[in-house]
There are 2 protein chains.
Amino acid sequence: MSDSPLEARLSYHLALTFSEREALRWLERRERSYRAGEIILSEGQSTDTLFIVSSGWLHGSVKLPSGDRQIQRFYFVGDITTTLSLAWGYSAATLQAVSDVTLFEVPKNVFGRLFRSHPRLGALLFAVVTAEQVAMADRLTSMGRTDGVARIATLLLDIRSRLRVVDDLRGSSFELPLTQQDLGDAVGLTKTHVNRSLKALEATGLVERDGRLIRITHVEKLAELVNFTDRHGAIATDWLPPTGTPEPTDTAKQ
Amino acid sequence: MSDSPLEARLSYHLALTFSEREALRWLERRERSYRAGEIILSEGQSTDTLFIVSSGWLHGSVKLPSGDRQIQRFYFVGDITTTLSLAWGYSAATLQAVSDVTLFEVPKNVFGRLFRSHPRLGALLFAVVTAEQVAMADRLTSMGRTDGVARIATLLLDIRSRLRVVDDLRGSSFELPLTQQDLGDAVGLTKTHVNRSLKALEATGLVERDGRLIRITHVEKLAELVNFTDRHGAIATDWLPPTGTPEPTDTAKQ
DNA sequence: CGCTTAGTTGAACGGAGTCAATCCGCGTGG
DNA sequence: CCACGCGGATTGACTCCGTTCAACTAAGCG
């Protein structure tokens, strides 16, 4: 009965009330599917909807005048693409499907109402974005201060930990429907060097590859080697406000 | 009467109600000052407070096992350091004062209550963080896909546009109390190469330096040259929920 | 089966790092 | 008022990681 991705994501952090769960499901009404590789939204394109990932995964990227591309972030099941366009009337990046995906389209104003009807959810969503920001800061650190091998390793670990949450992920291997060019665009390397870095990673014995299948044989060891911290675990919720809405008379004080 | 930095920041996007303004001021009660260079909070240190920047600016950084440092982001007047510790019980980075600063300390749960008493502010804060995330994605792109000169130029443009908001910033020059090592730690370069990049920038005639004073003589031209977009302007607010709190009976629907 | 896209590999180049000396501004103590 | 000390800015020489350019191979597909 409850296959709501967003609900699942938030429930991971906190036990939701019936009312809250219902409100989340309310967001997930307009559904649409895309094929792997399809472009859902282009950079600069005007839009007033957000997307909640229902299945599959995708990425947001930008193109530079030089022709280079930077993949800024990946979106997995339960993620909301608020980054792209909530703050403006247009999208700050191109959203493209990595695998076949199903998305819920949420008008921004519907999303906005959620903050009013369910303040606790609003606060929780805020915290989730905050955690994402830290994850992005990690990537920044990775790109700014580590070499090719470490960048690739970090990316693989990160993707793995995201896929783990939803997909079955039996064993330690997972499918990576990304081109080496894509990997390079994500971590700031040339496809050529991505290839060499992958080879080097394999040589350490910590990672195995078979076509699009990646297997990290010693997750802990690799994580320590490249100083990786998983930012996708549970977040603190002790500071959240109580459920429901306060008395209408309760304005500022309290 | 209204020298509340957070209020000023949010008012920039939206006309606030009296009640909302009062609620924001309520956050800014515990004030504390630090000298330039002082460390306010260390990476990993446990804490349950957030900081609102009242005056001056600071940065958040992490240290790598290799000894390298990465400055992940700068905080200016009106910024809230939710990134650092809202989602966990400890800080994800080290917070250090760049200039002399004054900060308001806000307990996380007090911050949380704001979402309940003033949902619209909650949504607005959400949007602000979203915009910050896009700004950080820009930095990622800059570091992943551009050379030293462009990275430094982008950083200077970004800092300038942030300082512009609050400081007087008469003319086009501003003081940059950052070491070349700091600049390097921010954009992923060696201090040596930062120096060379700065020299190269000066050679273009678009930037002038005099000690710690930076002057960008042709902002537009430089911005276009390095493909810089200012993400700190006004954000869309048309999707925000109405002011105040809804009827207590109004739970999920609507 | 030919075509096209992605993965590999080699060789040479170059941006950025490393190492290290020198310069400079400035505060301090004498 | 001046010598000294120190952190930061500069600059030079050399090295190296990652890019470029360019084959060449493997894999999917109509």
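Convention: sequence-line order gives letters A, B, ...; per-chain numbering from 1. Keep in mind it's a predicted model, so treat the numbers as computed, not measured. The analysis underlying the following values was restricted to heavy atoms, covering all of them including side chains, and did not include hydrogens, waters or symmetry mates.
Comparing C:dG17, D:dG12, C:dG10 against the side chain of B:Thr192 picks out D:dG12 as the nearest. Side-chain proximity of B:Asp147 to C:dA16, C:dG7, D:dG18: nearest is C:dA16. The side chain of A:Leu189 sits closest to D:dT19 out of D:dT19, C:dG17, C:dA6.
Donor-acceptor pairing under 3.5 Å, judged by distance alone, is absent between the side chain of A:Arg209 and the base of C:dT8. For B:Arg196 and C:dT18, a side-chain-to-base donor-acceptor distance below 3.5 Å is present, hydrogens and geometry of angles not being considered.
In this structure, the CD atom of B:Gln181 is 9 Å from the P atom of D:dA9, given to the nearest Å. Rounded to whole Å, the distance from CZ on A:Arg145 to C1' on D:dC17 is 15 Å. Residue B:His193 contributes atom NE2, which lies 17 Å from atom P of C:dC19 at whole-angstrom precision. One interatomic measurement links the two molecules: CG of B:Asp185 to P of D:dG8, which rounds to 12 Å at whole-angstrom precision. Between B:Leu183 atom CG and C:dA16 atom P the separation is 15 Å, expressed in whole Å. One atom, CG of B:Leu198, and another, C1' of D:dT10, lie 11 Å apart when rounded to the nearest Å. Taking atom CG of residue B:Asp210 and atom P of nucleotide C:dG25, one finds them 11 Å apart after rounding to whole Å. When rounded to the nearest whole Å, the span between NZ of A:Lys191 and P of D:dT19 equals 12 Å.
Nucleic acid contact for B:Thr179: sugar-phosphate only, since backbone atoms but no base atoms lie under 4.0 Å from a heavy atom of the residue. Contacts of A:Gly184 with the nucleic acid, taken as non-hydrogen atoms under 4.0 Å apart, are absent.
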- Take A:Ser4 and A:Glu28 through the side-chain hydrogen bond (donor to acceptor under 3.5 Å, both in side chains) test and state the conclusion after the steps. CA-CA 8 Å; A:Ser4 156; A:Glu28 305 171 339; 2.7 Å; yes
- salt bridge (Lys or Arg N to Asp or Glu O under 4.0 Å) between B:Lys63 and B:Asp68, worked out: CA-CA 6 Å; B:Lys63 267 267 171 106; B:Asp68 288 326; over 6 Å; no
- Task: Evaluate the criterion salt bridge (Lys or Arg N to Asp or Glu O under 4.0 Å) for residue pair B:Lys191 and B:Asp182; output intermediate values, then yes/no.
- Result: CA-CA 8 Å; B:Lys191 60 182 177 183; B:Asp182 292 335; over 6 Å; no
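With no hydrogens or angles considered, no side-chain donor-acceptor pair links B:Gln96 and B:Ser61 at under 3.5 Å.
At C:dT5, none of the side-chain N or O atoms of A:Gln180 fall inside 4.0 Å of OP1 or OP2 (strictly under the cut-off). For D:dT10, the OP1/OP2 oxygens have a side-chain nitrogen or oxygen of B:Asn195 closer than 4.0 Å.
Nucleotides of DNA chain C nearest to A:Lys199 and B:Gly148 differ in position, and the one nearer the 5' end is that of A:Lys199.
The distance between the ring centers of B:Trp57 and B:Phe74 falls below 6.0 angstrom.
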